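Working notes, structure below.
All ligand and atom numbering here is 1-based and tracks the order in the structure. Note that the structure is a prediction, hence the values are computed from the model and not measured. Side-chain atoms are counted along with the backbone in the values below, which use heavy atoms only and exclude waters and symmetry mates.
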Amino acid sequence: MSSLQPVRGTHDLLPDESMRHRWVEETAFAAARRYGYGEIVTPIFEFTDVFSRTLGDTSDVVTKEMYTFTDRSGESITLRPEGTAGVARAFISNGLAQSLPLKLFYRGPMFRHERPQKGRLRQFHQVGVELLGVESPVADVEVIALAWRVLSELGLGGKVRLEINTLGDSESRLAYRNTLTAYLSEFRSALSEDSRNRLDRNPLRVLDSKDEGDRRIVENAPPMGESLTPAAREFFEQVTSGLARLGIPFITNPRLVRGLDYYCHTAFEFTTTALGAQGTVLAGGRYDELIAQMGGPRTPGIGWAAGVERLSMLVEAVPSALRPISIIPMGDDLAAVAVAERLRRAGMVVDMGFSGNMKKRMARANKANARFAVILGEEEGARNAVTIRDLDTGLQDEVPLAMLEEHFGRLV
Ligand code: ATP
Ligand code: MG
C-alpha cells in the first residue's frame with residue numbers, strides 16, 4: 001500500500017469534523033467540571049504490563065488488539081487501548097491515595113488493532129471519567145448521572161438506552177462462575193474456539209461473545225442474579241433506586257458483562273440502534289480491586305468511557321461556528337491585512353482571501369458563510385473609508401476607517 005495513504009483504521013480530522021469532535025469533548029468536559037471533575041492527561045503509551053496485568057489475559061483487547069512494540073531501550077511499550085489502566089497507574093505513581101476521593105476526567109486517542117468498519121477504528125478517541133475512593137453505591141449513581149447529563153446535552157437523550165447489570169462482589173462471582181461453568185460445559189463442543197478457551201480461564205467473558213452460535217447458547221444461561229450474595233443484591237438495589245429517584249431511564253440486562261476483566265458490581269452501557277453493529281456509545285462500571293491488583297493501596301473506583309467518533313456520528317445540533325467578516329481588498333493587500341488585524345484585535349473573526357478578482361473573493365466570503373464583507377475600494381480609500389456590505393441583506397454602508405471597530409461593535 002502506498003505510504004501516502006493513512007494507516008488502515010486511522011483517519012484525518014478535517015476542520016468540520018474536528019469541530020464536531022471538539023464540541024463532543026468540550027460538552028463532556030464542561031458537564032464533568034460541574035460534577036467536580038478535574039482533567040488528567042496521562043501518556044498515550046505505557047509499559048505493556050500496565051494493560052496486560054489489568055485488562056485481563058482473556059479480554060479481546062489484550063489477546064488481539066494491543067499495539068505493542070519494543071522501543072530502542074528494549075522496553076515493551078503499548079499504545080494505550082483504553083484510559084482506566086493509565087489513570088490507575090498514575091494514581092499509584094503519584095501517590096494520590098492521600099487525596100481521595102478523586103474525580104478525574106480524561107480525553108484523547110486510544111489504539112486498538114481491530115477490523116476497521118463504521119464506528120470502529122484503530123486510532124479512535126474517548127472521553128471518560130474515573131471516580132476513585134468511594135465505596136458507596138451513591139458514587140455509581142452519580143457517575144451514571146454524569147454520563148446521562150453528557151448524552152442529554154449532546155442532544156442524544158432520545159437516541160440512547162441505558163442498560164445496567166451487576167457483576168456482584170467476589171463471593172457472588174465465584175458462585176456464579178461455578179454455575180455458569182457447569183451450564184456452558186454442556187455445550188463445550190458447540191462453543192467458538194475463543195469461548196472454549198475462556199470457559200476454562202474466565203467463563204464470565206463467554207457472556208460477552210459476539211459469535212452468533214455462542215449467543216444462542218448464552219441466551220439460556222442461568223442469570224447472574226441468582227448467584228448474588230445479599231450484600232451484592234442490596235448494593236445493586238441502591239444503584240437502581242438511585243437512578244429511578246433521579247428520573248434516569250434504564251433497563252436491567254442480566255447478560256451484560258463488560259469486555260475487560262477488572263469490573264465488579266455495577267456494569268452499564270448506553271447503546272443506540274442508530275449505528276448498526278457498533279451500538280455502544282458509552283460504557284463503564286465499578287472496579288474496586290483494580291488498583292490493589294496493580295500493586296497500589298486498595299482503592300475502590302468507578303468510571304466510564306465514551307467513543308467520540310460514535311457520539312460525533314450521532315449528534316445533530318452542533319453549534320455553528322461564529323460567522324466571519326471577510327475582507328475584500330481591491331488593490332492594496334497590505335492595507336487589507338492591517339484592517340483585518342485591527343478587527344481581530346477587537347475580538348472579531350476575520351477571513352481574507354489572498355488572491356483573485358473581486359468576484360472570486362466574494363465567492364470565497366459566501367463560502368465561508370461570512371456575515372459582512374469589508375470592501376477596500378480605491379474611491380473610498382481616498383476618503384479614508386471602506387464599504388461594508390451586509391451579506392444577508394445586500395445593503396451597503398460607507399464607514400470611515402477610524403470608526404471600523406465601533407461600527408462592528410454595534411453589529412456583531
Ligand atoms: P465494542 O463492544 O464496540 O468493541 P468495547 O467494549 O471494546 O466496545 P470499551 O472498551 O468499553 O469498548 O470502550 C468504550 C467506548 O469506546 C465504546 O463504547 C465505544 O464507543 C468506543 N470504542 C471502543 N473501541 C472502539 C474502536 N475501535 N473504534 C471506535 N470507538 C471505539
Ligand atoms: Mg472492543
Side-chain angles (χ1 to χ4, degrees), residues 6-11 13 17 20-21 24-25 28 51 54-56 58-67 78-88 105-130 143-144 147-148 150-151 154 156 159-165 167 194 198 204-211 214-215 218 253 255-263 266-287 290 302-315:
V7 174
R8 196 164 131 76
T10 68
H11 68 171
L13 287 175
E17 210 184 340
R20 296 169 77 81
H21 272 234
V24 168
E25 266 183 36
F51 306 109
T54 54
L55 309 186
T58 56
S59 69
D60 277 348
V61 171
V62 170
T63 52
K64 305 179 196 157
E65 299 174 0
M66 293 205 304
Y67 274 95
T78 294
L79 301 183
R80 65 179 184 197
E82 57 99 56
T84 306
V87 170
F105 169 91
Y106 64 84
R107 56 178 135 194
M110 305 291 162
F111 306 86
R112 297 185 193 179
H113 195 275
E114 304 201 65
R115 194 166 65 79
Q117 46 197 300
K118 184 182 171 200
R120 195 175 290 287
L121 293 148
R122 290 182 173 175
Q123 175 173 340
F124 62 101
H125 298 79
Q126 284 185 340
V127 289
V129 300
E130 312 293 353
V143 159
I144 295 174
W148 175 244
V150 170
L151 295 171
L154 290 172
L156 303 179
K159 285 190 183 170
V160 296
R161 184 166 86 160
L162 168 59
E163 296 179 32
I164 177 166
N165 190 23
L167 307 175
D194 270 352
R198 288 171 178 152
L204 252 75
R205 293 277 299 113
V206 177
L207 298 182
D208 199 30
S209 172
K210 292 188 173 109
D211 180 272
D214 291 352
R215 288 200 145 176
V218 160
N253 172 359
R255 310 264 175 252
L256 176 73
V257 292
R258 303 275 313 116
L260 309 176
D261 274 4
Y262 51 57
Y263 289 107
T266 317
F268 60 94
E269 289 190 351
F270 284 86
T271 58
T272 175
T273 51
L275 292 178
Q278 273 54 256
T280 307
V281 292
L282 182 153
R286 181 170 270 280
Y287 48 88
L290 169 68
I302 175 155
W304 52 256
V308 176
E309 280 79 3
R310 291 187 196 178
L311 291 174
S312 163
M313 281 191 284
L314 284 180
V315 297

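In K210, the part holding a heavy atom less than 4.0 Å from any atom of ligand 1 is the side chain. Residue contacts with ligand 1 for V61 are absent, since no atom lies close enough (heavy atoms, distance under 4.0 Å).
Within ligand 1, the atoms closer than 4.0 Å to a non-hydrogen atom of E114 are 24 (N), 25 (C), 26 (C), 27 (N), numbered from 1 in the order shown. Which parts of ligand 1 touch L121 is read off a 4.0 Å heavy-atom cut-off, strictly below it: atoms 26 (C), 27 (N), 28 (N), 29 (C). Listed by number with element, the atoms of ligand 1 under 4.0 Å from a non-hydrogen atom of A283 are 11 (O). Close contacts between ligand 1 and G307 involve ligand atoms 15 (C), 16 (O), 20 (O), 21 (C) [criterion: under 4.0 Å to a heavy atom].
Backbone and side-chain nitrogen or oxygen atoms of A306 are examined, and none is located within less than 3.5 angstrom of a nitrogen or oxygen of ligand 1.
Note that NE2 of H11 and CD of E17 are 5.5 Å apart. Values are rounded to the nearest 0.5 Å. Atom CE of M66 and atom NE2 of H113 lie 13.0 Å apart (nearest 0.5 Å).
Between the side chain of R310 and the main chain of G119, a donor-acceptor pair closer than 3.5 Å is present. Proximity of a side-chain donor or acceptor of W304 to a complementary backbone N or O of L282 within less than 3.5 Å is not detected.
Counting heavy atoms from C-beta on, the side chains of F51 and V61 never come closer than 4.5 Å.
Only one option out of R8, R120, K64 pairs with E114 in a salt bridge (Lys or Arg N to Asp or Glu O under 4.0 Å); it is R120. Considering H21, E25, Q126 in turn, E25 is the only one that fulfils the side-chain hydrogen bond (donor to acceptor under 3.5 Å, both in side chains) rule with R107.
Between atom 23 (C) of ligand 1 and the options R115, R112, E269, the minimum heavy-atom separation is to R112. With M110, E309, R120, E65 as candidates, the residue nearest to atom 3 (O) of ligand 1 on a non-hydrogen basis is R120.
The closest approach between Q126 and ligand 1 falls below 4.0 Å for a heavy atom of the residue.
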